[in-house]
Amino acid sequence: MIAWQSRLSAKIDQLSDSLIDFRRNLHRNPEVSGEEFQTSLTLYQLLGDMGLAVRMGPDGRGVLADLDTFEENGSPAIALRGDIDALPIHDCKDVAYCSQKEGVMHACGHDAHATVVLGAAQALQQMARSGELPWPIRARFIFQPAEEICTGARDMIKAGALEEVSAILATHMEPGLPFGKVGFRKGELTASCEEIQIKIHGSSGHGARPYEANDPIAAAAQLINTLYLALPRVTQTHEAVVASFGQIHGGASPNVIPETVELGGTLRTLLPQTRQDTIRHIHRIAEGIAMATQTEIEVKFELGTDAVRNDSNLIDLLKENCVEMLGMPSIYDIPRASMGGEDFAFYLDQVPGAMVRLGCASPGAENWPMLHSTRFDIDERVLALGANLLARSMVAAFEPGSRWHEQLLTPRTTSHHDSPPD
C-alpha cells in the first residue's frame, strides 16, 4: 500500500507547473496593500471552483477557504496563511513574468506565499475528494491582504479567520538560503516593529541670523545623532535594538529656519521589556535635547506589529515532516531572530503558530537579490516544496492518538506563547 505521504507528494508534483503559472500571473499583476481586489477575486473564484467553502475578506480583499472532512463537529481547524499584497517598488528583472504595473512588484515573495498555500489547498482537496486522506482533517486557508502595512492580519481576524482554529502555520521566502534548505527557529523569529513619530517645534528666523531663532533642524540633527550613539550604550549587550530614521521633513526655503521639523522612523526590538525600556530612553533623550536647544519635542510611538514567537510544538511538527521529505541536510537552524517585522504576529496573539523560512535562491548562485530588491525573484521549485511541507504537516497533526493531535488540537488552558506575552 502506498503511504499517504507518497500520494500527497505525487499530487503536488502534478500541480507543480500550474503553481508556477499561478505565481507568475500574480507576479505580472501585483497589487499594493489595500488594493488587492483582483488578486482576491481570482483566488475566491479558484478556491470556490475547487469545492471549498469560501468567504471574501473585508471590503473585497482577502479570502478564507475551509476544508472539513469530519462527518460531525469533530475538531478545531488548523490554518495555513499566505499574504497577497505587493510593494511600491519598480520591477527591474528581465523575465517574461516581470511586473506589468509601473512601480509595483512582488519584492517580498507574497505571490509565492499565496501560491504555496493554494498548492496545499488543492492537494488536500483532491485527496479528500478521492478518499485518499488517511483520517479526517479540518483546514482553513487564509489569503491575507495588507501585510506590508500591518493591517491585514487584524482585519482578517476580525472577519473570523481564527474562529474555531487551534493553530496556524505559514512560510516566508528566504533568499539568503538556497532552494532545498528550510529555516527553523523556536521562540522569537522576527522583531516587534514600532513606528516613531517625532515633531520638533522651534521658532523661525533668517538663515543668516540663527541666534534669533530656535532651530528645529539643528535639534533634529542632535536628536538623531544622540539616539544613534546613546541607545546601544543603555541596552544590555545581549539584547537587540534597532532605531532608524527614514524621513525628515522641514522647511520650504534654504535660507529660512523653519518653525517645525517632523521625523519618521522605526524601532525594532525582540523582548517586551527591552521595548518598554527603549521607549523610555528615547523620551528621556528627547527631553534633554529639547531643553538644550530651547525647542519642544513631541514623541509618539505606533505599534506596527509584535514579535513573531514560534510555538515549539509546531516547529517540531514542521521540522519532523521536513526531514521525512528532504532529509536532515535540508534543516537550517536559524541562529538569531530577524529585526524585520511580520504581521503574522497578530495571529499568534490568539493561537499558537509557526513560520518557517523557505530557501528560494538557486543553489550556487552568487549575489542573489534579497527581499525588497528591484530584482527579487525565487527558484520556483520552492512552490511545490512549500506546499508539500504545509500539507503534510497539516495531515500529520490530525493523526488520531499522535502527540501532535494531543498538543495542537486539544483546548489549552494556559498561554500558547513560549515567551511571555507583551
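Using a cutoff of 4.0 Å between basic side-chain nitrogens and carboxylate oxygens, D277 and R280 are scored as salt-bridged. Ion pairing between a basic and an acidic side chain is recognised when a charged N comes within 4.0 Å of a carboxylate O; E380 and R24 show such pairing. Using a 4.0 Å cut-off between charged side-chain N and carboxylate O, R138 and E164 make a salt bridge. Between R268 and E194 there is no salt bridge, since no side-chain N of the basic residue sits under 4.0 Å from a carboxylate O of the acidic one. The residues K186 and D333 are annotated as not salt-bridged, no charged nitrogen and carboxylate oxygen being separated by less than 4.0 angstrom. Under 4.0 Å is where a charged nitrogen must lie from a carboxylate oxygen, and between K199 and E298 no such pair does.
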Would you check, one step at a time, whether the test side-chain contact (heavy atoms from CB on, under 4.5 Å) holds for R336 with L270? CA-CA 10 Å; R336 62 186 64 85; L270 295 177; over 6 Å; no

Let's go through Q144 and D85 carefully: what are the C-alpha distance in whole Å and the side-chain angles of both, what is the deciding distance for side-chain hydrogen bond (donor to acceptor under 3.5 Å, both in side chains) to 0.1 Å, and is it a yes or a no? CA-CA 8 Å; Q144 178 210 302; D85 53 324; 5.7 Å; no

side-chain contact (heavy atoms from CB on, under 4.5 Å), that's the test. Do D316 and W404 meet it? Break it down for me. CA-CA 9 Å; D316 286 342; W404 310 119; 3.6 Å; yes

side-chain contact (heavy atoms from CB on, under 4.5 Å) between D306 and F346, worked out: CA-CA 7 Å; D306 201 354; F346 288 113; 5.9 Å; no

Run the side-chain hydrogen bond (donor to acceptor under 3.5 Å, both in side chains) test on N388 and S9 for me, step by step, so that the C-alpha distance in whole Å, both residues' side-chain angles and the decisive distance to 0.1 Å come before the verdict. CA-CA 6 Å; N388 201 346; S9 293; 3.1 Å; yes

Would you please test I331 and K319 for side-chain contact (heavy atoms from CB on, under 4.5 Å) and show each step? CA-CA 7 Å; I331 302 299; K319 184 179 286 190; 3.8 Å; yes

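The shortest distance between side-chain heavy atoms of L80 and M394 falls below 4.5 Å. Using a 4.5 Å heavy-atom threshold, the side chains of L263 and L223 count as touching. Two residues are said to be in side-chain contact when any heavy atoms from C-beta on lie closer than 4.5 Å; V356 and L389 meet this criterion. H110 has its side chain out of reach of M173: every pair of non-hydrogen atoms, C-beta onward, lies at least 4.5 Å apart. In this structure, the side chains of P136 and F398 stay at 4.5 Å or more apart for every pair of heavy atoms. Two residues are said to be in side-chain contact when any heavy atoms from C-beta on lie closer than 4.5 Å; P216 and H201 fail this criterion. The shortest side-chain heavy-atom distance between L371 and H172 falls under the 4.5 Å cut-off. The closest side-chain heavy-atom distance from V165 to I78 is not below 4.5 Å.
Between Q5 and R392, the side chains place no donor N or O within less than 3.5 Å of an acceptor N or O (distance only, hydrogens not considered). A side-chain donor from one of T269 and S192 sits under 3.5 Å from a side-chain acceptor of the other. Checked by atom type, the side-chain pair Y97/D91 shows no donor-acceptor distance below 3.5 Å. N214 and T295 are not linked by any side-chain donor-acceptor pair at a separation below 3.5 angstrom, with hydrogens and angles left out of the test. Between the side chains of H113 and E147, not a single donor N or O lies within less than 3.5 Å of an accepting N or O. A donor and an acceptor atom, one from each side chain of E239 and T274, are located under 3.5 Å apart. A donor-acceptor contact closer than 3.5 angstrom links the side chains of H27 and K93. A side-chain donor from one of E31 and T39 sits under 3.5 Å from a side-chain acceptor of the other.
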Which atom pairs, one a donor and one an acceptor, fall under 3.5 Å between side chains of residues 10-18 and the rest of the protein, sequence neighbours left out?
from : atom 1 : to   : atom 2 : distance (Å)
K11  : NZ     : E132 : OE1    : 2.9
S18  : OG     : L15  : O      : 2.7

What side-chain donor-acceptor pairs closer than 3.5 Å can you find for residues 224-232, not counting sequence neighbours?
from : atom 1 : to   : atom 2 : distance (Å)
T226 : OG1    : Q222 : O      : 2.7
Y228 : OH     : F245 : N      : 2.9

Which atom pairs, donor and acceptor, lie under 3.5 Å between side-chain atoms of residues 46-59 and protein residues at least two apart or in another chain?
none

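When all heavy atoms of A86 and M105 are compared, the pair lying nearest together is CB-O, 3.3 Å. What you find for H281 and V234 is that their closest heavy atoms are CD2-CG2, 3.4 Å. When all heavy atoms are compared, the tightest approach of P145 to F143 is CD-O, 3.9 Å. Contact detail for E36 and S33: the closest heavy-atom pair is OE2-CA, 3.4 Å. When every heavy atom of L169 is checked against every heavy atom of S393, the shortest pair comes out as CD1-CB, 4.3 Å. In this structure, M370 and P175 approach most closely via the heavy-atom pair CA-CG, 3.8 Å.
Using a distance-only test at 3.5 Å, with no hydrogens or angles considered, a donor-acceptor pair links the side chain of Q100 to the main chain of C98. In this structure, R357 contributes its side chain and E174 its backbone to no donor-acceptor pair below 3.5 Å. Looking only at distances, no side-chain donor or acceptor of R275 sits under 3.5 Å from a matching main-chain atom of T278. Remark: the backbone N or O of A354 is not paired with any side-chain donor or acceptor of D311 at under 3.5 angstrom. The main-chain N or O of V104 is found under 3.5 Å from a side-chain atom of S99 such that the two form a donor-acceptor pair. Looking at T190, its side chain does come within 3.5 Å of a backbone N or O of V308 through a donor-acceptor pair. Here the side chain of K101 pairs no donor or acceptor atom with the backbone of V32 at under 3.5 angstrom. With hydrogens and angles disregarded, a donor-acceptor distance shorter than 3.5 Å links the side chain of R140 to the backbone of E163.
Atom CG of residue L318 and atom CZ of residue F184 lie 6.0 Å apart, to the nearest 0.5 angstrom. The structure places CG of L64 at 12.5 Å from CZ of R81, a figure rounded to the nearest 0.5 Å. Atom CD1 of residue I196 and atom CD1 of residue I198 lie 6.0 Å apart, to the nearest 0.5 angstrom. For the atom pair CG (L358) and OG1 (T171), the distance works out to 4.5 Å, reported to the nearest 0.5 Å. Atom CZ of F37 is separated from atom CG of L41 by 11.0 Å, given to the nearest 0.5 angstrom. Between atom CD of residue E342 and atom CG of residue L348 there is a gap of 9.5 Å, rounded to the nearest 0.5 Å.
Atom CD of E259 is surrounded by more than 12 heavy atoms from other residues, nucleotides or ligands within 6.0 Å. Atom CG of D94 has 12 or fewer neighbouring heavy atoms from other residues, nucleotides or ligands inside a 6.0 Å radius.
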